[in-house]
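Working notes, structure below.
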Amino acid sequence: MPPSPLASLAESLDRRIGRRASPPSVWPTGFWPLVSHAAVVAFLVLTVTGLLLALAYRPSTAPVVYQGSSELFDGRTLPAAFASIVTISEDMPGGLLLRRLHVAASHLFLIALVAHLLRTLATGAFRSPRLLTHATGIGLLLVALGFAYTGELLPFGLVAGSSLRIAESVMYALPFAGEELGAVLFAGELPSDRFLLIAWVGHVILLPLAFIGLLVGHLVLVHRRRPAAVRRSDVDVEVVAVGRPLWPDAVTRFALLTTALTALLLISAVLVPWSDAELEGPFLTAEATNSVHPPWPLFFLTGGLRIVPAIDLIIGTVRITNVLIAGVVIPGLLVAGVALYPLLERWRLGDHRQHHALDHPLDVPLRAGTVTGVTTLALVLSLAAGVDVLSFWLGVAVERVVATFQVLAIALPVLATAAAVAAARRRARRPSTTSVDTTATVPTAADPTEEAP
Amino acid sequence: MTSSQTREPSGPSPQGDRLRRPWLIGWLLAAAAFAVVLTIAWFGGAGVEVLGTLGAATALAASVALHHLVVTQDAGEQPVPREGTDATDPIERVGRRHLLAGGAVAVVLGLAALVGLRRTAPPPPTGRWARGAALVTIGGDRVRPEDVPLGGVVTVWPEGAAGTERSAVMLLRLRDAAEAPTRLDGVIDGTLVAYSRLCTHAGCAVALYRDVDQALFCPCHQATFDARRGAHPTAGPASVPLPQLPLALADDGTLVAADDLTARPGPVGGRA
């Protein structure tokens, strides 16, 4: 009898990365790999909670009368999507916990992805032979931003109307066919179901498929290249990869990380009212309010829309506006910057060798400057998303807060970049502290079979 | 990072520290017990605090059990030579010729998509205002000039299209008479004006009116418009005034549109 497909899959995995892999597969150790693993853990939590939430959600703007245990909304006419959110929170067993857990995990997910990206950029982990690995990582981050935008839209709360209109205006701002693109995607007038359905299909089918596909590609590449490693005194990590075997070390550690982070997320869901529907209220035609903000990973977009000055420049048939600059050009440059920086570094430094050892963030002045500059600009733009809140807190007119941010958005990235380059050059002049004693002997491999109980 | 540069590789677990089996089983049983209570509480309709705490207890007990497994079952770090691993980066194999070919394909596909979109896409929606259209509130009631108090704002739609986003218009009663470049023949009593509610910047509702300087304020990106002077932008990211709806009085004293909006409502877009 032929073996079952599941058994043969387990068999082939065992042969490639498991106990019988030869040479043995190695899995990285230390704190930073845990950060990228945390993103995978968060994705698992998001998948489980998302599947359960999807069963009760209704992607429709049609008005329905909500009846249930929410005193605030009982008997009121609400968009079906928002009504289903209230039903999940108030009437479904464990529904509120699922919603809070889903939102808490989404924060962990995005924090972990951004931290992993910054670490990859700062240490030069993107260099050959990991250029494609980095490209798939950028793809994962873009998919995550798509998750954040569509996820904010689905409850069809008060913010949804503004979110939709802003996304539409960014489409409109594209030259040549922007208006047509906006008309096709948004179907003209709100309240319309079309874009809610697009967001729904994207959030629960297309984006998860894209994320899983890219993640598998990312992990296969990480495994084949063997993890890059921090330099160490006993082993030359350029020629020898050091890590733990998949079984039992990596599997038990990942399981421990999963349960520990799930416990943290659950505790946070008890203490923090993550995204409770009652706090926001349903979508209302032609209404908006103060302190409207997108999910934080998109703060840099809305910050740009707030502090880039009013522009109206007409060149031929193309009209250049604030929205084109802040919604398309600046985000495009930031994403292109982190996606294409590895190629820029290869070209500028003429370095086509392979690298397996991770650098100190200040080892390469070009890299230190670029990473610092891009990060600072993204940070200032993100903070600029709060000009209205800052104006309220400080008691200063919002126009003056905006003007301050206009200066900061140019001055801070320039100053930070100069400081990082100067620090990197100073470090280069110091005697090296990271020389590797390549004559040290490689410790012999511990045989995992001897240790098994 | 300096400390890790001098770090010794950790070896396998000490021989004397064999699997602490009773502890592991004990904590696993605790986790299972919490999970059972969690399931009962879940279907019993317990609140988020109880469910969250029970869930956290389950996960923490499982974490302690797994911690015993991690500290006692390590195989330890292993060195593996990098040579012989698949290590050619596909991106490095991309030559100038590939780039040119890929760029050409992208340009052709992009142009095809552009032409296809411009041929097939519906025209971008405009408002539904026309000469003579009656102004109604969201409830469908017609509006008279005296319904708008000093400093008041009323959102109105053309009759038959109440609640449609594009046609939303706000009626304002200014403190001082409107001035050019407002279209003055569309102003009633010198102080009752109407502008599109959609911001020309990013299409949000310009939902706030500041009586101090008679300015309209968009809460999304802080675009500010001078309501007395044709809703021209005075601060913030908008570069184009809000379209004005010229007003007239019908024979029964209710407000009607004297004409369509002076421009298409909503964000200005990327076409000159």
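Order of the sequence lines fixes the chain letters, A, B, ..., with proteins taken first and strands second; residue numbering starts at 1 for each chain.
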Per-residue contact mode, A:Ala255 against chain B (heavy atom under 4.5 angstrom): both
Euclidean distance, B:His221 NE2 relative to A:Ser169 OG, rounded to 0.5 Å: 7.5 Å
Contacting region of A:Ile320 [heavy-atom separation from chain B under 4.5 Å]: neither
Side-chain touch A:Thr259/B:Leu66, heavy atoms, less than 4.5 angstrom: yes
Chain B contact via A:Leu324 - side chain, backbone, both or neither, heavy atoms under 4.5 Å: neither
Test item: B:Val268 and A:Tyr172 side chains (from C-beta on) under 4.5 Å apart, heavy atoms: no
B:Ser239 side chain to A:Ile311 backbone, donor-acceptor under 3.5 Å: yes
Nearest heavy-atom neighbours spanning B:Pro90 and A:Arg225: CD-NH2, 3.5 Å
Chain A contact via B:Thr224 - side chain, backbone, both or neither, heavy atoms under 4.5 Å: side chain
Residues A:Arg100, B:Val48; criterion side-chain contact (heavy atoms from CB on, under 4.5 Å); working and verdict: CA-CA 9 Å; A:Arg100 287 191 184 177; B:Val48 64; 3.8 Å; yes
Rounded distance (nearest 0.5 Å) linking atom CD1 of A:Ile267 with atom CG of B:Leu60: 5.5 Å
Interface residue of largest heavy-atom contact number with chain A, from B:Ala207, B:Pro267, B:Ala56, B:Gly45, under 4.5 Å: B:Ala56
Inter-residue atom distance B:Leu51.CG - A:Leu97.CG, 0.5 Å rounding: 6.0 Å
Residue A:Thr302 versus chain B: region with a heavy atom under 4.5 Å: both
From CZ (B:Phe217) to CG (A:Asp388), nearest 0.5 Å: 7.5 Å
Chain B contact via A:Val239 - side chain, backbone, both or neither, heavy atoms under 4.5 Å: backbone
Test item: A:Val401 and B:Gln222 side chains (from C-beta on) under 4.5 Å apart, heavy atoms: no
pair A:Arg244-B:Gln78: side-chain heavy atoms closer than 4.5 Å: no
Per-residue contact mode, A:Ala385 against chain B (heavy atom under 4.5 angstrom): neither
Chain B contacts, top residue of A:Met171, A:His352, A:Met92, A:Glu238 (heavy-atom pairs, under 4.5 Å): A:Glu238
Whether B:Arg118 side chain and A:Phe176 backbone form a donor-acceptor pair below 3.5 Å: yes
For chain B, the option from A:Leu221, A:Leu98, A:Val251 that forms the most heavy-atom pairs under 4.5 Å: A:Leu98
B:Val240 side chain near A:Arg319 side chain, heavy-atom distance below 4.5 Å: yes
Side chain, backbone, both or neither of A:His293 within contact of chain B (heavy atoms, under 4.5 Å): neither
Residue, of A:Leu305, A:Val323, A:Ile314, that accumulates the most heavy atom pairs under 4.5 Å with chain B: A:Leu305
Student check: side-chain heavy atoms of B:Glu165 and A:Arg165 closer than 4.5 Å: yes
More than 12 heavy atoms from other groups under 6.0 Å of CZ on B:Arg210: yes
Pairing of B:Arg264 and A:Glu179 as salt bridge, 4.0 angstrom limit: yes
Region of A:Val308 that comes under 4.5 Å of a non-hydrogen atom in chain B: backbone
Per-residue contact mode, B:Arg128 against chain A (heavy atom under 4.5 angstrom): side chain
Greatest number of heavy atom pairs closer than 4.5 Å to chain A - which of B:Arg271, B:Glu49, B:His67, B:Met170: B:Arg271
Heavy-atom contact with chain A under 4.5 Å, split by part of B:Ala238: backbone
Distance, nearest 0.5 Å, that separates CG of A:Leu343 from CD of B:Glu92: 9.5 Å
Contact check, side chains of A:Thr321 and B:His201, non-hydrogen atoms, under 4.5 Å: no
Partner chain B: residue of A:Val270, A:Asp312, A:Leu131, A:Thr252 with the largest heavy-atom pair count (under 4.5 Å): A:Leu131
Residue B:Leu117 versus chain A: region with a heavy atom under 4.5 Å: both
Smallest separation among heavy atoms of A:Glu399 and B:Ala235, with atom names: CG-CB, 3.7 Å
Part of A:Arg130 within contact of chain B (heavy atom distance under 4.5 Å): both
Interface moiety of A:Val387 toward chain B, non-hydrogen atoms closer than 4.5 Å: side chain
Check: B:Cys204 and A:Ile166 side chains under 4.5 Å, non-hydrogen atoms: yes
Expected output: side-chain B:Asp89 to main-chain A:Ser128 donor-acceptor under 3.5 Å: no
A:Asp249 side chain vs B:Gly76 backbone, donor-acceptor pair below 3.5 Å: yes
A:Arg226 (side chain) donor-acceptor with B:Val80 (main chain) under 3.5 angstrom: no
